[in-house]
Structure formats: C-alpha cells, structure tokens
Number of protein chains: 4
Amino acid sequence: MSPKIVDRDEKRQQIAQAAIVVFGQKGFERTRMEDVAKEANVGKGTLYEYYKDKGSLLNDSFELMMSHFTEELEPQVAGDAPPLVQLRQITDVMLEAMLHLGDVYRFFLEYMIYLSRAPSPSPFLAEMLQGFRMRIAELLKAAVHQGTLRPDLDPLATAAAFLAWFDGAIFHWILLPETIDLREMADQFWEMTLRGILRDPSTGGE
Amino acid sequence: MSPKIVDRDEKRQQIAQAAIVVFGQKGFERTRMEDVAKEANVGKGTLYEYYKDKGSLLNDSFELMMSHFTEELEPQVAGDAPPLVQLRQITDVMLEAMLHLGDVYRFFLEYMIYLSRAPSPSPFLAEMLQGFRMRIAELLKAAVHQGTLRPDLDPLATAAAFLAWFDGAIFHWILLPETIDLREMADQFWEMTLRGILRDPSTGGE
Amino acid sequence: MSPKIVDRDEKRQQIAQAAIVVFGQKGFERTRMEDVAKEANVGKGTLYEYYKDKGSLLNDSFELMMSHFTEELEPQVAGDAPPLVQLRQITDVMLEAMLHLGDVYRFFLEYMIYLSRAPSPSPFLAEMLQGFRMRIAELLKAAVHQGTLRPDLDPLATAAAFLAWFDGAIFHWILLPETIDLREMADQFWEMTLRGILRDPSTGGE
Amino acid sequence: MSPKIVDRDEKRQQIAQAAIVVFGQKGFERTRMEDVAKEANVGKGTLYEYYKDKGSLLNDSFELMMSHFTEELEPQVAGDAPPLVQLRQITDVMLEAMLHLGDVYRFFLEYMIYLSRAPSPSPFLAEMLQGFRMRIAELLKAAVHQGTLRPDLDPLATAAAFLAWFDGAIFHWILLPETIDLREMADQFWEMTLRGILRDPSTGGE
DNA sequence: TATGAATGAGTATTCATTCAT
DNA sequence: CATGAATGAATACTCATTCAT
C-alpha cells in the first residue's frame, strides 16, 4: 500500500540545512533554488514538496540555524559555576561556534536586516534580542549579589553593551576574517570590561 | 573644465544620492533601477549615461555615503580638545548621524556583507576599518601619554573593541529602533569603559 | 476472465468517472492529475496503472460520458411511438440529462473544441455528429412518410438545424444557467419549428 | 527629451490582435506568451509593457474580437430595410464573418466556457447574450407589427431560439468545417423556421 | 544628452510522469 | 498492485540593459 517511506521531518531539515549553507554563501536573493537543491542532493521540485516557496524556506532555515546555536550553547555552560565564569563560557562557546560557522553568521546578519525592513517591527526579533539580554543580565545581577561586581552596576545596560560588542566583533570578523583574531579580541574586551565593572579593580576579578 | 563637466558631476551625484536612499530602503537586490531613476527624477536610460551598471552605481553610492560621514564628522571635532573629549565627540557626532540616517546605515551594513562575499578580501574594507581603528588608537595613545589612561593600555586592541561595540550598537538599533535608546547606550558604554581604562578610576576621567 | 480483470475494468471506470467530474468542473488543462486521483479515491500513481497519460484518460472519460448519454437515452424512448413523439422524447430526455449534468456538458464542449484543433479532422467527431443527424433524420423521414410532416421537407437538413439548435441551447444554458429556462426554450423551439413563424406560410414571407 | 515615439494604443491592439490569432489556434492554456510575442513581432518582455499578465491579455483580446464583430456587422445592415430582411442580413453578415474567422470563433467559444466557470456568473456574458437577443427580438416585433409574422409570436423566445441555432450551427461548423456548409444550413433553417415543418400547421402536429 | 520603449536572459514555481517501496 | 515521494521539463513573469529617437 504505502510507497517509499521517508521521514519527512528529517528531509525538511536536510533541505533547510542545505539552505543555511547556500544562503550563507551567496545571500538570499542570489541563491537560486537549484543551488539549494543541489546542495541538498535533491531535485528542484522536491524543495517545493517541503516548502511552499523560497520565503518560507528562508524562515525555516533561520529557525534551524538558531536552534543549532542554542543546542550548542546550553550543554557547554556549567549551570553551577560562578556567574562570571558562566558568562565567559557563553562568550567563548558562541565565539567558537562563530569560528566554525562564519558563512552562517553572515546569513544571520542578512536575515536580521531583512526582518528589520518589514513594515511592522518583527516581534521575533525583539524577543530574541531581549532574551539574550536578559540571560546576560541575570548573570550580571547574580555576580553583583555575590559581591564580585560593583553594586551600582546597571545589569541590563551592561548586558546590552556586552551584546552590542559581541555582535559588532562578529560583524567585523565576518568582514575581515584574516585580519581579526576573534579570540584575542574577546580577551581584550573582557579584560577592559572587567576592570571597569569590578567592585575592586585591583583584584582583577579573582 | 567646460561647464558641461560640472553638470555631469552634479548629476552623477544626484543619482548616487538617490541610490543611497533607495538602496537603504529596499536593499540592493530588491531595488530596481527604475526606483532609483524615479527617486533621482531622471529617466531610466539616463542612469546608464552616468553609470556602467547597477554594480558601479552601488559602489559609487557607497563612496558618496562615506564621504557624507567624514564631511559631517570632521568639522565637529575640535582638534585641539583633549583626546578623550575628541573621542567622545566622535562617538556623539556619528551617533547623531546614525539617528538621522537609519536606512542609510542599513545600506552600509548590506554593502559590507556584500563586500565580504567577494572571492578575494576587499582591500578597501580592510583599509576603512583599519583607518577608523588607527584614528581611535591615536587618540587613546595620546590620552595615555597625557596620563589620563592607564599606561598598560593596548590602544589598538581597545580601539578595536570600541569600534566593535559601536557597530554592534548601531546594528541593534537598526533592528529595533523603537526599543533601543542609542544615546543612553552610549553613555552606559562610555561609563563602563572609562572606569576600566582610566589609571585612576575614582576620578571618573576628569 | 480472472476476477482481477473485472476489478481492473471497474477501477478504470471509477477513475474515468472521477475524471469526468473534475474535467467538467475545472477544464482539462486546469485539472491536475492529483485532483482526479483525489476524486477517484486512489493514489496519484495509481492513475498511471490504468492510463498511459493524461490524454488517454481524457479520451476514455469522454467515451464513458457518451455511453452514459446513450444508456440514459435509449430505454426512455418508446420505439413504437409515432416518430414525432419519439423526437420530442429524445429532446426531453437529453435536456433532462443536461439539467442533471451541466458541468459534464461543459466538458463535452471543451473536448469537442479540443478535437477540432487536431491537425487532421477527427473521424470520431464526424461519425458522432453524423450518427445523431441520421438518427433524427430517420424519424423525420418516417413522419413525412406518415404524412405528419410536409412532403417537401429535407430530413437531413432539418435534422442538422435541429441539432444545431439543441447544442446552441445547451451552450447558452451552460453560460447562463440562471437566466435560461431550458425546458421552456425547448417548448418554444418546438412550437416555432412545427408551425413556422410566418402569418401566412403559403406566401413564403414575400 | 522624449525617446522613441510610439502609439501605445496601437501597439496594444497589435498585441491583442496577435493574441486573438494564437489563442484561436492553440487555446488559451496551450499558447505560450512567447508564441504571442512572435506573432506580434515583439519581444516577450514587451507584452508585459502593455499587459499585466496573460489573463488581462486574454480579456482584452476578447474585447477586441467582439469589437471586430460589431464593426463588421453594423455598416452592412440596412437600417431602413424591412425587419425580416434586416434579420436575414444580420445572419448572413455574421455567417460570412465566421467563415473568415473560424479559429477566432473557436477562441470565442473557449472564452465563453472560461467565463462560465467563474464563481459568480459574469455580468458581461449575460449582457452580451441579452443584447443580441433584444436586437433580434426588436426586429421580430417590428415584423409582427407589420403583419409579416404571426401576431401570437413570442419575439423574445423566438430570438432566443434563433440565437441558439446560430451559435450551435457555428459550433458544428467549427468542429467539422469540411462537412458542413454553413450557408446552406442557414438557408434551410430560415426556410424551416419561416414556414414550419408540419404539413398542416393549423393542427399543431396532433 | 535624455528618454522610455524594447528586449531576452534568468528564476521561481507548477505538474505530468516515474519509481522505490 | 498501490502509493506518494521525487523529479525536471516547461512557462509566466521580472528587470538590468540597450537603443532608436
């Protein structure tokens, strides 16, 4: 009765994954559906068995990409470590993820810009940024409580600055991967920032 | 030399200016040459009297945009002020420019991504980023010399971090203009950073 | 011979029947094989177990439709009634069939047009029309023999006119089912044809 | 200032005229836009300078075709002739038009079927048919007044029957142009209708 | 020089048909 | 046999670019 048995969800992912790669390399407008098909090792028509059109493939690919990030992030962060250590871990893990997935982050940037052009601001975008910010802010707040950071620190504002630096650093690195050493940049930023936000700068955060 | 030449340059600029606007609004791939023509109040065919193709219009528009920035920047920065004041002025002036030209900065972002996809890394891009970095680094170095900043400060690394933050902040603001107060973000970053890099944090940099 | 064969014919018919319905609703070019499959409650692939391609399904469906008509027609016409009564019965029965099968007759029209486009004129088409014409002409001839109709009547020509009116009437009704009362139209045509429209037929309208 | 000067209306017509031809030959669904372009001696893209899409080209072509008919019809009908003569003239002129434009009438048929499939009945269709019917009915009414036709004649019903015959005759002729002599068919119909087919009309066929 | 009409290469998408299960 | 997943040929439509005026 039943023909070819296929895990449709898996195939959808396979396609979305291929799209992530190609969108990252060429950008949305310049990738042809055939490129995606080739990358996914399926026929052009097959894409349309799984996605209504190029736009929904874009959206789904983005979501898949984001889930890769969170999947990669969470298991590597020790929930019981001191908050500042956790923060450093997050930075490092995400930085490493970027280093592996350069083109993909380019796709991320493009998609953000694309979303930002929508006539009404994307709630998704706001939530995502807000989510990151809260996550960081929580850790900072905990560090303040512990007495590691200055009591007058504004956790949300600091988190926002931190994220801005992070995305900007990635952005610059995407632009000039050869010229920029992301890991060193992180060290420098960390050093500069810590001495600024520690209650007692002379201790260096220990 | 002849009056016609002045005319031509003016018209070229008029077209490039229109392109800046439209590219900013719709993105490069999605703006049609006709959109640019309409915005520039010329016929579609006229564009090709002044630009070989869409690509060279893009490049030229970008250059024009950059010159707007430098033109706006320079006169407002007092060359004889203390270096840290100059740095703050630069930040403020550019921030204000962004606030006026949101869409245009989106165009900037897009163009950067576009350049970064070129098969060989764009020397222009490297120079531009390097140029900004040097400019900032010089000011920081001067401030170190003056004794305002910590003597062990690495000016180039700090400048890089500063620029990363700046571009990231703009990026976030472009994404969510309603949710983000650029000026406040700058204050926070400045405050956080200064206390970290000053020789004597208790003075607050004065 | 084997029970399977009966099954096959039944299924072929089931599919052709479904095709009649869908072709009637959407037209040949606009129905997708999947529509037919769904209407026939079989899988898309199954269609190709029974029909080589869409074209042969079309042909077969048409034949099935025509057989429906003849099946419906014959038993309701009393072979021993006076010829003019038989003619009227034929008209009525076919008209009723149309009223039940409006969309299907649309399919008929389309198929006719389709056939007429074939590079060489379809012998089938000619035979069918000729067959109808002869059938009517026979009845008219009998009525002439009986003395009910004028002896100088040209039976074939009159049959042709009759059929033209019939198909034209159906055509108009298909176009505007709400506005046209087929049964009344038939009555009027019958009356007009039988008695003529001239006040004084003997003059011939001069 | 102004470039190529083109009579856009004329070009629109040129294209619509080409479309009439090709739609007539191949049918709407099977004609590719390129076929139309070739027939109109323009590039594929040019079609879209004048028509939004294939559908509106279809609609416009149909309107143009209809205007051809009316243009051809009116000047050849003597408004001061006796009504029955006018009616005969109309029949003849339209028949001749058909003989010249066979494929085009096929396009007409197809378009009618297409319209009839629209979810809500096309007012255009109703008006057109009604218009023809009224035109004929007026002539019949005049002939009744003059005493040429039977006083108990129902002009509208008779007009409807007349039109049904006409379209049916054309339809059959389109199907089998070789086998059917339209002019003779018209003669026969005219004769039959005028005088009736009963030997003794006064009995009504009972 | 300025223009917009003309063009066709390029692309997303559809759908008849095939084929692995 | 039956199925629906897979496929790619076919096609409407867009838009950068050319060109006649």
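These values consider heavy atoms only, across backbone and side chains, with no hydrogens, waters or symmetry-generated copies.
- Within residues 12-25 of chain C, no residue approaches DNA chain E, by heavy-atom distance under 4.0 Å.
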Cut-off 3.5 Å, no hydrogens considered: what does the side-chain donor-acceptor table look like for residues 58-67 of chain D, sequence neighbours left out?
from, atom 1, to, atom 2, distance (Å)
D/N59, OD1, D/Y111, OH, 2.6
D/N59, ND2, D/G55, O, 3.3
D/D60, OD2, D/R12, NH2, 3.3
D/D60, OD2, D/Y51, OH, 2.7
D/S61, OG, D/L57, O, 2.6
D/S67, OG, D/L64, O, 2.7

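- Annotation for A/Q25: atom CD counts as buried by contact number, over 12 foreign heavy atoms lying within 6.0 Å.
- Where pairing requires Watson-Crick or G-U contacts shorter than 3.5 Å, the helical stems of DNA chain F with at least three consecutive pairs are E:2-21 with F:2-21.
- Rounded to whole Å, atom P of F/dA10 lies 13 Å from atom NZ of D/K26.
- Every side chain to side chain contact (heavy atoms under 4.5 Å, CB included) that D/D9 has, sequence neighbours left out, goes to D/D7.
- Not counting sequence neighbours, the partners of C/Y105 by the side chain to side chain donor-acceptor pair (under 3.5 Å) test are C/D167.
- In this structure, NZ of D/K11 is placed 7 Å from C1' of E/dA6, rounded to the nearest angstrom.
- Residue pairs meeting the salt bridge (Lys or Arg N to Asp or Glu O under 4.0 Å) criterion with at least one partner in residues 108-120 of chain C, sequence neighbours excluded, are C/E110-D/R117, C/R117-D/E110.
- Using modelled atom types, one side-chain atom of C/Q14 and one backbone atom of C/A40 make a donor-acceptor pair closer than 3.5 Å.
- By the side chain to side chain contact (heavy atoms under 4.5 Å, CB included) test, B/D35 is found to be paired with B/V22, B/K26, B/T31, B/R32, residues two or more places apart in sequence or in another chain being considered.
- When the C1' atom of F/dA9 is taken as reference, atom CG of A/L47 falls 16 Å away, rounded to whole Å.
- Remark: P of F/dA12 and CG of D/L57 are 11 Å apart, rounded to the nearest angstrom.
- D/E10 has its CD atom 15 Å from the P atom of E/dA5, to the nearest Å.
- For B/F23, the ring-ring contact (aromatic ring centres under 6.0 Å, His included) partners two or more places apart in sequence, or in a different chain, are B/F28, B/F107.
- Heavy atoms of A/Y50 sit under 4.0 angstrom from primed sugar atoms or phosphate atoms, though from no base atom.
- As a whole-Å value, the separation of A/D7 CG from E/dT21 C1' is 16 Å.
- Scored by the side chain to side chain donor-acceptor pair (under 3.5 Å) test, D/Q17 finds D/H68 as partners (sequence neighbours excluded).
- Residues A/N41 and C/V42 both approach DNA chain F. Their nearest nucleotides, taken by heavy-atom distance, put C/V42 toward the 5′ side.
- Partners of A/Y48 by side chain to side chain contact (heavy atoms under 4.5 Å, CB included), not counting sequence neighbours, listed by chain and number: A/M33.
- Sorted pairs that involve residues 46-55 of chain B and meet salt bridge (Lys or Arg N to Asp or Glu O under 4.0 Å), not counting sequence neighbours, are lacking altogether.
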Subject >> Base versus backbone protein contacts along nucleotides 11-16 of chain E [heavy-atom cut-off under 4.0 Å; B, S, -] >> reply: SSBBSS
